[in-house]
Trainee: 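Below is one structure. I have some questions about it.
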Number of protein chains: 2
Amino acid sequence: MTQPIPLHRDDPSKAPLVGNIKVTRQDWLNVAKDILISDGIEQVKILPMSDRLGVSRSSFYWYFKSRQDLLDALLDHWQQTNTAALVAKAGTPAQSVTQAVTFVFHCVVNPQIFSIPFDFAVRDWARRSATVRAVLHASEDARIAAIQAMFQRHGYPEIEALTRARILYYMQNGYNDADLQEPLEHRMKMVPHYLYGFTGRHAPQHEIDDFRAYCQAIQTGDTP
Amino acid sequence: MTQPIPLHRDDPSKAPLVGNIKVTRQDWLNVAKDILISDGIEQVKILPMSDRLGVSRSSFYWYFKSRQDLLDALLDHWQQTNTAALVAKAGTPAQSVTQAVTFVFHCVVNPQIFSIPFDFAVRDWARRSATVRAVLHASEDARIAAIQAMFQRHGYPEIEALTRARILYYMQNGYNDADLQEPLEHRMKMVPHYLYGFTGRHAPQHEIDDFRAYCQAIQTGDTP
DNA sequence: CAAGTATTGGACATAATTGTCTAGTCTTCG
DNA sequence: CGAAGACTAGACAATTATGTCCAATACTTG
């Protein structure tokens with residue numbers, strides 16, 4: 001029993017312009033994502049969502065078989081945005097390791113590419129659902145493997161590449177929600193230290209300088 | 001309207017030895033804590049708890065005014081165990097900074113003193129409750145301040161002491177639940193690097209050696 | 001042991017939530 | 001325009017939760 005997505009919304013030109021715009025499956029997913037991020041998965045309830053969308057609660061069941069069906073779709077969506085984005089960034093060819101690290105870090109900086117609150121929310125969710133936990137762990141492994149591969153492409157031996165990948169990845173997890181308010185600049189400045197702090201070596205000044213330049217570029221928006 | 005704790009439980013010698021042992025306010029709190037840790041605060045529900053305790057659901061209301069009353073008590077309990085434990089450990093006089101750091105780290109290692117899963121669960125909870133968030137932030141400030149004071153007692157200037165305190169504290173948050181399975185040894189080995197990685201200096205070999213020795217002692221159980 | 005207090009069980013009321021079913025409306029397309 | 005399909009509203013049923021009340025039972029103390 002498939003639930004087709006409304007055709008008239010696929011082509012935006014055919015959609016009504018004002019008023020009476022019908023909700024779509026994606027609209028339900030967006031609201032669910034918002035609530036997941038702000039209040040946790042337990043609060044993703046059908047009645048409040050329908051209220052927010054201004055439609056009847058029972059309309060929900062046209063788009064989704066059940067609440068669980070929605071949650072599955074939500075998890076899929078997370079995997080196909082956040083994880084795919086980070087893996088893609090880690091795989092982007094770069095001229096230096098510093099530039100490559102900056103690409104990865106790009107995800108943390110740009111909410112358009114990667115949603116940190118979404119990641120936090122899914123991690124919460126995983127604490128209560130074994131299936132979500134499995135998806136999360138697979139995603140984390142994929143992310144770290146991608147970053148590790150990046151370091152290996154730039155000449156680091158396997159073990160050191162893995163260590164650096166873990167540090168770079170867990171760096172973002174070390175902050176909680178409150179700290180996300182902290183200026184990004186502060187977090188970016190720490191990256192070179194994270195990368196070298198564990199190896200017993202100093203970060204070369206030219207890498208630090210390069211990194212700062214790249215970060216500057218990220219914030220002004222003119223980076224790949 | 002005060003809710004006294006059953007007297008016959010205060011003196012263990014007066015408690016029935018087998019069977020028919022009445023549940024106490026603390027029993028309810030323990031079950032609530034277990035559920036909070038494993039399933040999140042949303043799952044702390046009265047009916048399932050009474051089932052697990054083998055008593056009627058309505059008995060709950062003798063010990064607690066309402067569900068919210070239980071949650072408040074639970075949060076109090078967390079603050080008076082975890083936060084107090086860490087602050088006390090940070091305040092313990094030590095002969096060297098390495099030993100002092102080891103005392104703090106003791107909390108992370110010994111579940112009897114400090115429950116990491118409890119901390120994680122409360123952090124989750126704080127995402128959904130402003131009042132819990134306020135308590136959590138106050139606790140985190142108190143913890144970091146205590147660690148900072150420790151470094152200052154050992155001669156570090158204010159700013160560097162704060163930086164080191166943050167690193168030492170956030171180190172534990174960088175791991176998620178899955179990583180708690182990881183051998184403690186691995187985490188302990190990273191401490192000296194965390195402490196020096198950010199400052200651009202190397203950890204002196206004798207400090208690393210000292211730290212390893214203290215960690216060894218922690219695991220064999222013969223430390224203060 | 002008896003009286004009084006502490007503690008529990010079960011009935012009752014209320015509300016929130018998920019899910020089903022059906023009649024009806026709106027949209028698209030031949 | 002008119003029929004088929006896409007979508008929605010509202011009634012209904014079932015489940016699960018919170019909280020109140022009161023009678024019954026267990027425990028303590030004189």
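Letters A, B, ... are given to chains in the order of the sequence lines, protein chains preceding strands, and every chain is numbered from 1.
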Trainee: Look at the side-chain N and O atoms of B:Y63 and state whether any lies under 4.0 Å from the OP1 or OP2 oxygen of C:dA6.
Mentor: no
Trainee: Take the protein atom CH2 of B:W28 and the nucleotide atom P of C:dT7, then report the distance between them rounded to whole Å.
Mentor: 13 Å
Trainee: Measure the CH2-CH2 distance between A:W125 and A:W78 for me, rounded to the nearest 0.5 Å.
Mentor: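 The distance works out to 10.0 Å.
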Trainee: So that I can tick it off, tell me whether A:D34 and A:R52 are bridged by a salt bridge, with the cut-off set at under 4.0 angstrom between side-chain N and carboxylate O.
Mentor: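 Salt bridge between A:R52 and A:D34, a charged N being under 4.0 Å from a carboxylate O: yes.
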Trainee: For nucleotides 9-21 of chain D, give me one character per nucleotide, 5' to 3': B if any protein heavy atom sits under 4.0 Å from the base, S if the only such contacts are to the sugar-phosphate, - if neither.
Mentor: BBB-----SBBB-
Trainee: Compare side-chain N and O positions of A:W62 against OP1 and OP2 of D:dT8 and report whether any pair is under 4.0 Å apart.
Mentor: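 So the side-chain polar atoms of A:W62 never come under 4.0 Å of the phosphate oxygens OP1 or OP2 of D:dT8.
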Trainee: Could you state the interatomic distance from CD1 (A:I41) to CD (B:E42), rounded to the nearest 0.5 Å?
Mentor: 11.0 Å
Trainee: Using atom CZ of A:F64 as one end and atom P of C:dT20 as the other, report the distance to the nearest whole Å.
Mentor: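 Going from CZ in A:F64 over to P in C:dT20 covers 15 Å.
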Trainee: Give a yes-or-no answer on whether the side chains of B:D27 and B:T24 include a donor-acceptor pair shorter than 3.5 Å.
Mentor: yes
Trainee: In terms of side-chain heavy atoms, does B:Q80 have a donor or acceptor partner in B:D76 at a distance below 3.5 Å?
Mentor: no
Trainee: When the C1' atoms of the five terminal pairs at each end define the local axes, what inter-axis angle does the helix from C:dC1-D:dG30 to C:dG30-D:dC1 show, to 10 degrees?
Mentor: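 If I round to tens, the end axes sit 10° apart.
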Trainee: Look at the side chain of A:R133 and the backbone N and O of A:A126, then say whether any donor-acceptor pair between them is shorter than 3.5 Å.
Mentor: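 Yes.
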Trainee: Between A:N82 and A:R143, is the side-chain contact (heavy atoms from CB on, under 4.5 Å) condition met? List the steps.
Mentor: CA-CA 10 Å; A:N82 271 20; A:R143 293 170 181 197; 3.7 Å; yes
Trainee: Between atom CD in B:E42 and atom C1' in C:dT17, what is the gap in whole Å?
Mentor: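 Value for this atom pair: 14 Å.
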Trainee: Once you round it to whole Å, what is the distance between C1' of C:dT8 and CZ of B:R25?
Mentor: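 Between C1' of C:dT8 and CZ of B:R25: 17 Å.
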Trainee: Could you please spell out the steps behind the side-chain contact (heavy atoms from CB on, under 4.5 Å) verdict for A:F64 and A:R25?
Mentor: CA-CA 8 Å; A:F64 301 93; A:R25 186 181 160 98; 3.5 Å; yes
